[in-house]
K.L.:
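The following block contains the structure, expressed as structure tokens.
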Amino acid sequence: MSHYGDHEATDDPLQTLRHSTAHLLAAAVTELYPDAKYGIGPPVEDGFYYDFQFGKPISESDLPAIESRMRRLAQADIPFVKEVVSRDEAIEEFRKRGQDFKLELIEDKVEGDEVSLYRTGDFLDLCRGPHVRSTKELKAFKLLRVAGAYWRGDEKKPQLTRIYGTAWMTQRELDDYMKFLEEAEKRDHKKLGKELKIFALDERVGLGQVIWLPNGATIRRELERWIVDEELRRGYRHVITPHLAKLDLYKQSGHWQLYHDTMYPPIHFEDGEELELRPMNCPHHIIVYGQELHSYRDLPVRIAELGQNYRLEKSGELMGMIRVRSFNLNDAHIFCTPDQVISEVRSAIELANHFMSVLGVKDYSYRLSVRDDVKTKWSGTDEEWETAEAMLKEALESLNLPYKIGVGDAAFYGPKIDFQVRDAHRREFTNNTVQVDYQLPKKFELEYVAVDGSRQRPVLVHRGAFGAFERMTAYLIEQYAGAFPTWLHPVQVVVIPITDAQHDYAHLVAERLRGLRLRVEVDDRSEKMQRKIRDWQAQKVPYMAIVGPLEVEAEHVNIRDRGGKQVDSTLESFASMVATEVAERRR
RNA sequence: GCCCACGUAGCUCAGGCGGUAGAGCAUUUCCUUGGUAAGGAAAAGGUCCCCGGUUCGAAUCCGGGCGUGGGCUCCA
């Protein structure tokens with residue numbers, strides 16, 4: 001983690017280059033806008049940013065001017081000079097320049113009496129370095145966009161203008177990166193979701209409320225069937241519970257006290273009843289568990305549901321299908337004895353990995369999210385937290401899975417393992433989690449009967465394996481760029497008759513394939529074959545079965561796959577080929 | 001919620017320094033029956049996001065909303 005103003009020293013030359021480019025940006029900005037105050041400017045993945053406070057707001061249209069000033073400074077061959085001065089001298093320097101943010105950083109962040117500064121021409125920054133030798137080394141960079149960012153990441157502090165840029169060792173790499181951004185744009189699930197008619201958002205329905213169009217609904221139903229079957233096979237019991245519950249339920253769980261900001265306001269009835277749209281499924285599943293008295297012999301009890309959840313995320317937070325206000329979670333709550341926890345966690349991880357692997361998702365990582373030292377944010381005893389953390393760790397390590405630690409990313413009731421995936425733009429988000437929880441069983445006084453007949457408290461493992469359908473579908477759209485594997489594609493085969501004379505045969509072919517539960521369309525429009533091929537190619541349909549007089553005669557189909565490959569086949573062998581591909585969920 | 005940008009036909013977009021708008025694709029109808037990525041013609045389609053203000057006149061200028069995108073903060 002880099003800290004404010006005193007970024008971790010790094011040996012990575014690319015990081016150094018980007019960091020130096022950030023300084024170059026600040027140098028250009030302070031020349032063009034003498035009243036600008038600069039905050040911090042670290043390297044980040046693929047580039048860098050620098051935060052400024054401008055007298056007058058600037059916009060993206062100001063970037064070209066700033067960038068050309070940067071190029072001029074780069075060509076001027078200005079050295080990066082490190083100066084170590086006393087704290088007082090540093091304070092004096094920045095006071096003279098009116099750089100309040102830097103003063104604040106020296107106050108709060110710098111310990112000891114020595115302060116390290118970097119000078120680039122007239123520009124002076126509080127900085128540990130290292131840097132390149134001269135601005136001349138900075139050649140392949142580009143400013144990308146402006147954004148708002150709170151000073152020191154605090155909502156209550158002033159909002160600065162952040163300028164993002166990218167920088168690379170060579171022009172070639174920069175070109176490649178710009179190309180990557182362009183490609184990412186094409187894969188964007190918001191764009192493809194519209195083109196392929198997968199989902200829609202409509203303000204008349206509500207912000208962040210996903211409308212699954214027929215194509216999207218087909219994909220989702222296919223995923224649902226698969227997931228539920230896999231879970232039933234592994235001993236999960238699927239339930240269906242209401243989207244609403246009495247507000248008191250969430251008061252008892254503690255969610256209301258902590259999360260009422262992101263919960264929908266309760267519905268009030270005249271008789272005083274208050275109903276709440278559920279933000280998560282745990283309390284309902286706890287109620288399910290409580291329907292009978294469980295013996296230790298029953299445990300683990302695994303209650304699963306494709307549960308619809310409602311969270312009132314801030315409007316600025318919403319993003320396509322990735323961040324929404326209502327989503328359906330492949331959720332489960334496992335009630336088990338303390339010594340079953342590790343194996344349950346491990347199976348949950350394995351199930352998630354199985355889902356990912358069938359879907360071909362490879363680019364994801366594990367994060368062990370633990371609490372930080374702000375005690376008030378977390379409920380439970382130190383011992384419970386430590387035990388839970390140790391168990392999660394052991395589960396991960398016994399599976400030889402590499403993970404990083406997310407300090408402060410835990411749930412309020414316990415630590416968790418997060419599966420982090422990245423979208424087409426390499427933005428990271430949590431797809432699903434596995435959590436160990438001692439708190440809710442206590443709050444709801446859950447019990448099971450142990451071997452000795454005593455009443456014991458189960459441990460609750462919360463787990464998602466697939467994640468939310470909205471988020472995962474968005475991810476899959478981007479991963480496949482819309483070219484879904486055959487088992488998922490809304491239209492698996494389209495039959496294209498060349499002339500009207502083949503319509504009957506085309507429908508016969510379609511019926512044969514539908515008999516194998518394949519999703520088939522017949523394109524009997526009065527259009528040329530070439531036109532039909534083009535249209536279906538745009539839909540990335542896996543197979544086009546083209547039928548002309550020759551095929552009718554021979555009871556064949558001429559298959560064109562979406563890669564453009566053509567092969568002549570009997571109807572029967574094509575039918576069984578596709579059916580097998582679908583049954584095996586081949587990619 | 002905050003910062004910046006954007007909002008014109010179903011979609012992608014052009015235009016407009018104030019005089020009520022245009023293309024391509026899609027849609028509908030007709031012609032066309034064509035062997036592996038766009039056959040032809042015609043028609044229809046707009047409260048230029050919404051509400052106020054300025055003006056003889058606003059899609060255009062100003063203000064306020066709403067929505068979308070990129071960030072920030074948050075994410076049980």
Side-chain angles (χ1 to χ4, degrees), chain A residues 49 51 53-54 57-63 144-164 185 188 190-191 194-195 197 200-204 206-208 250 253-263 278-283 309 311-320 323 329 331 369 377 379 409-414 416 418 425 427 429-430 433 435 437 439-440 462 464 496-503 524-538 544 546-551 558-562 564-567:
Chain A
Y49 68 79
D51 288 344
Q53 187 171 55
F54 290 97
I58 68 154
S59 75
E60 241 139 75
S61 58
D62 298 304
L63 293 184
L144 296 175
R145 55 179 173 268
V146 302
Y150 299 108
W151 170 235
R152 301 182 76 173
D154 186 342
E155 234 180 327
K156 302 196 174 56
K157 295 210 157 87
Q159 189 161 40
L160 310 183
T161 303
R162 175 169 297 179
I163 299 179
Y164 277 96
E185 215 58 58
D188 191 302
K190 299 185 291 296
K191 178 179 148 67
K194 186 181 278 185
E195 280 173 16
K197 299 181 184 166
L201 296 163
D202 191 306
E203 57 182 287
R204 292 167 298 184
L207 297 190
Y250 301 103
S253 70
H255 288 97
W256 176 253
Q257 291 83 327
L258 264 130
Y259 296 109
H260 61 269
D261 281 353
T262 40
M263 290 171 70
R278 68 174 172 195
M280 88 308 291
N281 311 304
C282 340
N309 291 172
R311 297 182 190 176
L312 201 54
E313 306 288 358
K314 292 178 188 168
S315 60
E317 271 299 304
L318 304 172
M319 179 164 75
R323 197 80 194 270
L329 199 62
D331 202 5
S369 295
K377 279 158 66 182
S379 67
D409 290 325
F412 76 88
Y413 47 73
K416 58 190 171 116
D418 295 318
H425 287 89
R427 291 178 288 215
F429 52 88
T430 300
T433 66
Q435 314 169 354
D437 175 14
Q439 308 314 316
L440 291 181
H462 304 240
I496 298 180
I498 294 176
T499 75
D500 291 357
Q502 291 85 44
H503 281 190
D524 52 12
R525 290 179 298 166
S526 159
E527 290 289 350
K528 293 181 72 167
M529 174 193 61
Q530 286 87 335
R531 173 50 178 275
K532 297 178 184 178
I533 289 173
R534 183 176 194 276
D535 289 349
W536 290 101
Q537 192 77 44
M544 296 181 217
I546 293 163
V547 295
L550 302 176
E551 285 74 22
N558 192 279
I559 302 305
R560 182 197 162 103
D561 70 20
R562 60 189 158 195
K565 269 189 301 231
Q566 289 169 46
V567 55

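This one's a predicted model, so the numbers in the text were calculated from it and none came from an experiment. So that the names make sense, note that chain A is the first sequence line, chain B the second, and so on, each numbered from 1.
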K.L.:
Supply the atom-to-atom distance A/Ile496 CD1 to A/Asp535 CG, rounded to the nearest 0.5 angstrom.
P.N.:
9.0 Å
K.L.:
Establish whether the base of B/A76 is bridged to the side chain of A/Arg278 by a donor-acceptor pair shorter than 3.5 Å.
P.N.:
no
K.L.:
Could you tell me whether the side chain of A/Lys532 and the main chain of A/Pro497 form a donor-acceptor pair under 3.5 Å?
P.N.:
yes
K.L.:
B/A76, B/U36, B/G39: which one has an atom nearest the side-chain heavy atoms of A/Tyr259?
P.N.:
B/A76
K.L.:
Do the side chain of A/Glu313 and the main chain of A/Thr262 share a donor and acceptor less than 3.5 angstrom apart?
P.N.:
no
K.L.:
Starting at CD1 of A/Ile546 and ending at C1' of B/A37, how long is that distance when rounded to a whole Å?
P.N.:
11 Å
K.L.:
When the C1' atoms of B/G52 and B/G45 are compared, how many Å lie between them, rounded to an integer?
P.N.:
30 Å
K.L.:
Any N or O donor-acceptor pair linking the side chain of A/Glu313 to the base of B/C75 at under 3.5 Å?
P.N.:
no
K.L.:
Both A/Gln530 and A/Thr499 contact RNA chain B. Taking the nearest nucleotide for each, which residue is further toward the 5' end?
P.N.:
A/Thr499
K.L.:
Under 4.0 Å, heavy atoms only, any strand: does A/Phe429 hit a base, just the sugar-phosphate, or nothing?
P.N.:
nothing
K.L.:
Check the distance between B/U36's P and A/Trp536's CH2 and give it to me in whole angstrom.
P.N.:
20 Å
K.L.:
How long is the gap from CG on A/Asp62 to CD1 on A/Ile163, to the nearest 0.5 Å?
P.N.:
8.5 Å
K.L.:
Look at all strands and tell whether A/Arg427 reaches a base, only sugar-phosphate, or nothing, counting heavy atoms closer than 4.0 Å.
P.N.:
sugar-phosphate
K.L.:
Quick check on B/C72: is either OP1 or OP2 less than 4.0 Å from any side-chain nitrogen or oxygen of A/Tyr164?
P.N.:
yes
K.L.:
Is it the case that B/G1 (base atoms only) and A/Tyr150 (side chain only) share a donor and an acceptor within less than 3.5 Å, ignoring hydrogens and angles?
P.N.:
yes
K.L.:
Starting from C1' on B/C4, measure out to CD1 on A/Ile58 and report it in whole angstrom.
P.N.:
9 Å
K.L.:
Does B/G69 have its OP1 or OP2 closer than 4.0 Å to a side-chain nitrogen or oxygen of A/Lys190?
P.N.:
no
K.L.:
Under 4.0 angstrom, heavy atoms only, what part of the nucleic acid is A/Met319 near: base, sugar-phosphate, or nothing?
P.N.:
sugar-phosphate
K.L.:
Remember a base hit wins even if backbone is also touched, and classify A/Arg145 as base, sugar-phosphate or nothing at under 4.0 Å, heavy atoms.
P.N.:
sugar-phosphate
K.L.:
What does A/Asp261 touch in the nucleic acid at a heavy-atom separation under 4.0 angstrom: a base, only the sugar-phosphate, or nothing?
P.N.:
nothing
K.L.:
Examine B/A37: is either OP1 or OP2 under 4.0 Å from a nitrogen or oxygen in the side chain of A/Arg560? Give yes or no.
P.N.:
yes
K.L.:
Expressed in angstrom and rounded to an integer, what is the separation of A/Asp524 atom CG from B/U33 atom C1'?
P.N.:
13 Å
K.L.:
Need one value for A/Ser253: base, sugar-phosphate or nothing, where a base atom within 4.0 Å counts as base even if backbone is also close, heavy atoms only.
P.N.:
nothing
K.L.:
Check every strand shown and say whether A/Gln566 touches a base, only sugar-phosphate, or nothing at a heavy-atom separation below 4.0 Å.
P.N.:
base
K.L.:
Is it the case that the base of B/C74 and the side chain of A/Arg323 share a donor-acceptor contact (distance under 3.5 Å, atom types as modelled)?
P.N.:
yes
K.L.:
Output the rounded distance in Å from CD (A/Glu527) to P (B/U28).
P.N.:
11 Å
K.L.:
Inspect the contact between A/Lys191 and A/Asp188 and indicate whether a charged nitrogen and a carboxylate oxygen are less than 4.0 angstrom apart.
P.N.:
no
K.L.:
So does A/Thr433 reach the base of B/A76 with its side chain, donor to acceptor, closer than 3.5 Å?
P.N.:
no
K.L.:
What nucleotide, of B/G34, B/G67, B/A76, holds the atom closest to the side chain of A/Lys528?
P.N.:
B/G34
K.L.:
How would you label the contact of A/Ile496 with the nucleic acid (heavy atoms, under 4.0 Å): base, sugar-phosphate, or nothing?
P.N.:
nothing
K.L.:
Distance check, P atoms only: B/A14 and B/C6, in whole angstrom units.
P.N.:
12 Å
K.L.:
From CZ of A/Phe412 over to P of B/C74, roughly how many Å is that when rounded to an integer?
P.N.:
18 Å
K.L.:
Touch check for A/Gln159, heavy atoms < 4.0 angstrom, all strands: base, sugar-phosphate only, or nothing?
P.N.:
base
K.L.:
When all nucleic acid strands are considered with a 4.0 Å heavy-atom cut-off, which category describes A/Gly564: base, sugar-phosphate, or nothing?
P.N.:
nothing
K.L.:
Atom CZ of A/Arg152 and atom P of B/C72: how far apart are they, to the nearest Å?
P.N.:
18 Å
K.L.:
Is any side-chain nitrogen or oxygen of A/Lys191 closer than 4.0 Å to OP1 or OP2 of B/G69?
P.N.:
no
K.L.:
Quick one: is B/G1 close enough that its OP1 or OP2 comes under 4.0 Å of any side-chain N or O from A/Ser315?
P.N.:
yes
K.L.:
For A/Ala149, which contact category applies under a 4.0 Å heavy-atom criterion: base, sugar-phosphate, or nothing?
P.N.:
sugar-phosphate
K.L.:
What does A/Glu195 touch in the nucleic acid at a heavy-atom separation under 4.0 angstrom: a base, only the sugar-phosphate, or nothing?
P.N.:
nothing
K.L.:
Send over the distance from A/Glu551 CD to B/G34 P, rounded to a whole Å.
P.N.:
14 Å
